[in-house]
Structure formats: C-alpha cells, structure tokens
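For ligands, and for the atoms within them, numbers begin at 1 and follow the listed sequence.
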Amino acid sequence: MKNYRLNLIPGDGIGVDVINEGVRVLNALAEKHGGIKFEYNTLPWSCAWYLEHGRMMPTDGMEILRDCDSILLGAVGFPGVPDHISLRDLLLPIRTGFDQYVNMRPIKLLPGLVSPLKNDKIDFVVIRENSEGEYCGRGTTTEDKAIQESVFTRKGTERIIRYAYEYAKANNMTKVLSATKSNALNHSMVFWDKIFDEVRAEYPEMESNQMHIDALAGYFIMHPERLEMVVASNLFGDILTDLGSAMLGSIGISPSGNINPEGKYPSMFEPIHGSAPDIAGKGIANPVGTFWAIAMMLEQLKEKPSADLLMDAVCAVLKEGKATTPDIGGKGTTTGMTDAVIAHIL
Ligand code: NAI
Ligand code: MG
C-alpha cells in the first residue's frame with residue numbers, strides 16, 4: 001500500500017468547500033485503486049486564523065508544511081483582512097520559500113464545457129514565473145508616493161523560459177509565445193526579451209514569438225486556437241490565466257500547479273480562483289478547478305491512471321450537464337457535482 005501524506009490548506013470562503021470535496025474525490029480514487037492511500041493534515045491557516053493570531057501561519061509554518069508529499073490549497077482572502085496580507089503572508093512565502101518557481105496553468109476546453117467565445121479549439125498551457133518579478137514585494141510607500149519594484153534575475157528569467165521550452169518539447173508542441181511589454185517597461189521587460197532571445201536560439205525547431213501583453217490579451221480572445229505554450233512573468237501570467245479560465249466558461253475551471261521542478265520541496269496545487277466571498281456559504285462553488293489541480297498533483301506523484309480516471313469522470317459529468325454548478329449554466333451544487341464525479345469514479 002502506497003501512502004501519500006498531503007498537507008491541506010482549505011483557507012477561506014469557497015476554498016473550504018472545494019477542498020472538502022477534493023478530499024472526498026481523493027478517497028474515492030484511493031478506494032477504486034486499492035493500492036494507494038491518502039493521509040491528510042488539515043491546516044487551519046486562513047483569514048479567520050489571522051484575526052485570532054495576528055499572523056497568517058505560525059512561525060514554524062514552513063517546517064510543518066514541508067513535511068509532506070504534496071500541498072493542496074483552496075483559496076485565501078476574506079473581507080476584514082486586507083488582500084495583500086492574506087496573499088503576501090501565506091501564499092507567496094510558500095511559493096518562494098519552497099522555490100516553486102514554475103506555475104503551470106493548463107487552459108483547455110474540456111469535453112462538455114461551452115466557451116463564451118465562438119471557438120471550441122482552446123487547448124494551451126501558460127507557464128507563469130512564480131518566484132520573483134512584479135510580485136517580489138519590494139518598494140516604499142510614503143504619504144505622497146508609492147514605489148513598487150519588480151525584480152527579474154537572470155537565473156529566475158532563464159529557468160522559467162527554459163522550462164517552458166522543455167515542457168513544450170516534451171509535449172509535442174510546436175511553438176512558444178512570450179508575453180512582454182518591453183515598449184513601456186524599459187528595464188524589466190527589455191531584460192526578459194533579451195533572455196527569451198538567448199533561450200529561443202537553443203530551440204531552433206520551435207516557432208518562437210513574443211507579443212505585448214495588451215495585444216496578447218486580445219489575441220487570447222480572437223485566436224485561442226493558435227496558442228500552444230505561453231510563457232509569462234508573475235503578474236502577466238496571473239492576469240492571462242484568469243482570462244484563460246473565463247474563456248472556458250468560468251474562473252472556477254482552471255487549475256494551477258506551483259511546482260518545484262527539482263523536487264527539493266513539496267509542490268502545491270490549487271484552483272486558480274480565489275475565495276469568492278460573493279458566493280461563499282451558498283454551496284454552489286464549481287469544484288472542477290480543484291479536481292483538475294488534484295489530477296495535476298496525482299500526475300506529479302506518478303499516479304497517472306488515477307489522474308486520468310478523475311479527469312474522465314469530470315468530463316463525463318460536464319457532458320451530462322445534470323449536476324453542474326450555476327457558473328457554467330447548471331442548477332447543481334458543489335456537493336452534488338462531486339457526488340456525480342465520485343459515481344463515475346467508483
Ligand atoms: P475570485 O476568483 O474569488 O472571484 C471572482 C469571481 O469568480 C467571483 O464572482 C466568484 O464568485 C467567481 N468564482 C470564483 N471561483 C468560482 C468557483 N469555483 N465557482 C463559481 N464561481 C467562482 O476573485 P476575487 O473576487 O478577486 O477575490 C476574492 C478573494 O480571493 C480576495 O481576497 C483575493 O485576494 C483572494 N484570492 C485568492 C487567491 C488564492 O488564494 N490563490 C487567488 C485569487 C484571489
Ligand atoms: Mg490570480
């Protein structure tokens with residue numbers, strides 16, 4: 001029997017609902033498989049925990065977190081605690097502290113989903129830099145002026161662009177598109193472009209292009225069928241992937257893998273959406289982003305058959321359309337949709 005130890009951070013709002021359902025799905029996959037087991041350590045770190053303790057996680061939080069095979073996160077952030085505190089004091093320290101410098105976000109119109117675009121050929125991957133860039137947190141604020149810095153290092157920029165090429169090559173993609181804005185960002189993005197040019201030269205077989213982020217946002221809408229691999233900085237990748245998930249019908253669809261490729265630290269998987277205070281407590285959060293994140297986690301744990309089984313079950317439920325949540329046009333609930341997915345698994 002293989003035992004996987006998972007650290008869970010459900011977080012706030014709908015994060016709690018989707019992680020609860022994620023655990024039910026994992027248990028069903030373990031039952032079906034017969035040879036694997038999941039052991040959960042649920043950590044209460046959240047905005048509610050912050051209001052009680054004055055911190056987003058305990059001082060030894062990173063040591064507690066490190067001791068596992070993988071981390072599963074719902075979402076953090078809730079009215080009453082400023083968003084920059086919940087994000088900067090929990091999520092970002094994990095991503096940077098565990099050197100999860102790759103943020104992988106597949107954008108794929110699964111069978112059964114209907115895109116709001118007049119296009120059903122949407123299947124690409126965004127690789128987002130996840131450890132520095134615009135989210136480095138440096139800067140100063142005075143009464144009259146705020147300065148927000150970005151940090152792009154050669155090491156950080158080169159490794160993420162190279163990872164995108166290697167992933168593209170390994171997955172039979174033919175082109176890589178870099179998101180830039182070097183017309184306005186004369187330091188950071190000129191540097192990004194220069195390193196992109198250096199790395200692309202190592203992959204002559206791959207079609208390489210770059211596009212300014214504003215034009216690229218339009219291109220996502222007009223020509224998603226032309227996209228295969230998009231590599232972007234921390235901020236640009238963040239924005240582009242909410243757009244990408246919305247192109248699939250809902251922000252509740254897409255997953256996100258915060259990956260430490262060297263395996264020195266655990267990776268962390270989560271849906272791309274936030275805690276959605278506007279629907280929290282209503283039981284209607286779409287759990288697909290979390291299920292897909294779990295499938296990505298299972299692939300990383302080398303449990304591909306279970307990952308495939310889960311995604312097949314999700315697609316079957318989407319195609320039937322009977323149990324789907326309101327964000328994608330259904331009348332179902334989070335729990336009901338999970339019940340349907342589990343019924344397909346077992
Ligand atoms: P959000 O992603 O929470 O919500 C945006 C919109 O999408 C809302 O209308 C929401 O109802 C809808 N939505 C999101 N997920 C859904 C799902 N699974 N099913 C159905 N509808 C869904 O983004 P927002 O409103 O900007 O942020 C809310 C809070 O979440 C903030 O505190 C923010 O800082 C935090 N946040 C946390 C993230 C994380 O923990 N990784 C990521 C993004 C935001
Ligand atoms: Mg985001």
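The closest approach between any non-hydrogen atom of L87 and ligand 1 is not below 4.0 Å. Not a single heavy atom of G289 lies less than 4.0 angstrom from ligand 1.
Distance check, rounded to the nearest 0.5 Å: CZ of F124 to CG of L227 gives 5.0 Å. Here the straight-line distance linking atom CG of N260 with atom CD of Q300 works out to 8.5 Å at 0.5 Å rounding. Atom CH2 in W45 sits 11.0 Å away from atom CG in L73 (nearest 0.5 Å). In this structure, CZ in F291 is found 9.5 Å from CG in L26, a value given to the nearest 0.5 Å. Interatomic distance, I127 CD1 to R105 CZ, rounded to the nearest 0.5 Å: 11.0 Å.
Proximity of D327 to ligand 1, defined as any heavy-atom pair under 4.0 Å, is confined to the side chain (atoms from C-beta onward). Heavy atoms from both the backbone and the side chain of V76 come within less than 4.0 Å of ligand 1. Contacts of T325 with ligand 1, taken as heavy-atom pairs under 4.0 Å, are absent altogether. Looking at P277 against ligand 1, only its side chain comes within 4.0 Å, counting heavy atoms.
Between the side chains of S256 and N103, at least one donor N or O lies within less than 3.5 Å of an accepting N or O. Using a 3.5 Å distance cut-off with no hydrogens or angles, the side chains of Y135 and E129 do not pair a donor with an acceptor.
The contact set between ligand 1 and A285, taken as ligand atoms under 4.0 Å from a residue heavy atom, comprises 19 (N). Taking every heavy atom of E270 and a limit of under 4.0 angstrom, the matching atoms of ligand 1 come to 41 (N). The I14 neighbourhood of ligand 1 comprises atoms 15 (N), 16 (C), 17 (C), 18 (N), with distances under 4.0 Å to a heavy atom of that residue. Atoms of ligand 1 found under 4.0 Å from any heavy atom of G77 (numbered from 1 in listed order, with element): 32 (O).
Using a cutoff of 4.0 Å between basic side-chain nitrogens and carboxylate oxygens, D214 and K181 are scored as salt-bridged. Under 4.0 Å is where a charged nitrogen must lie from a carboxylate oxygen, and between D197 and R200 at least one such pair does. Salt bridge annotation for E262-R159: absent, with no cationic side-chain nitrogen under 4.0 angstrom from a carboxylate oxygen. Checked for salt-bridge contact, R24 and E21 meet the test: a charged N lies under 4.0 Å from a carboxylate O.
When distances from atom 26 (O) of ligand 1 to the protein are checked, no heavy atom turns up under 4.0 Å. By the definition of a contact as any protein heavy atom under 4.0 Å away, atom 2 (O) of ligand 1 is in contact.
Relative ring orientation between F152 and W192 is described as perpendicular, the plane-to-plane angle rising above 60° on a 0-90° scale split at 30° and 60°.
Residue D83 has at least one nitrogen or oxygen atom sitting less than 3.5 Å from a nitrogen or oxygen atom of ligand 1, judged on distance alone. The N/O atoms of S275, backbone and side chain alike, include one that comes under 3.5 Å of an N/O atom in ligand 1. Considering backbone and side-chain atoms alike, A75 places every N or O at 3.5 Å or more from each N or O of ligand 1. Ligand 1 has no nitrogen or oxygen under 3.5 angstrom from a nitrogen or oxygen of L91.
Nearest N/O/S atom of D238 relative to the Mg ion (ligand 2): this is OD1.
Taking the six-membered ring where the residue is Trp, the centroids of Y50 and F78 are separated by 6.0 Å or more.
The protein atom (non-hydrogen) at minimum distance from atom 21 (N) of ligand 1 is I279 CD1, 3.6 Å. The nearest protein atom to atom 11 (O) of ligand 1, hydrogens excluded, is given as D278 OD1, 2.8 Å; this is a heavy-atom distance. At the top of the distance list for atom 14 (C) of ligand 1, counting protein heavy atoms only, stands H273 CB, 3.7 Å. In this structure, the protein non-hydrogen atom closest to atom 43 (C) of ligand 1 is G274 CA, 3.5 Å.
In the candidate list N286, I251, L92, N286 is nearest to atom 17 (C) of ligand 1, counting heavy atoms.
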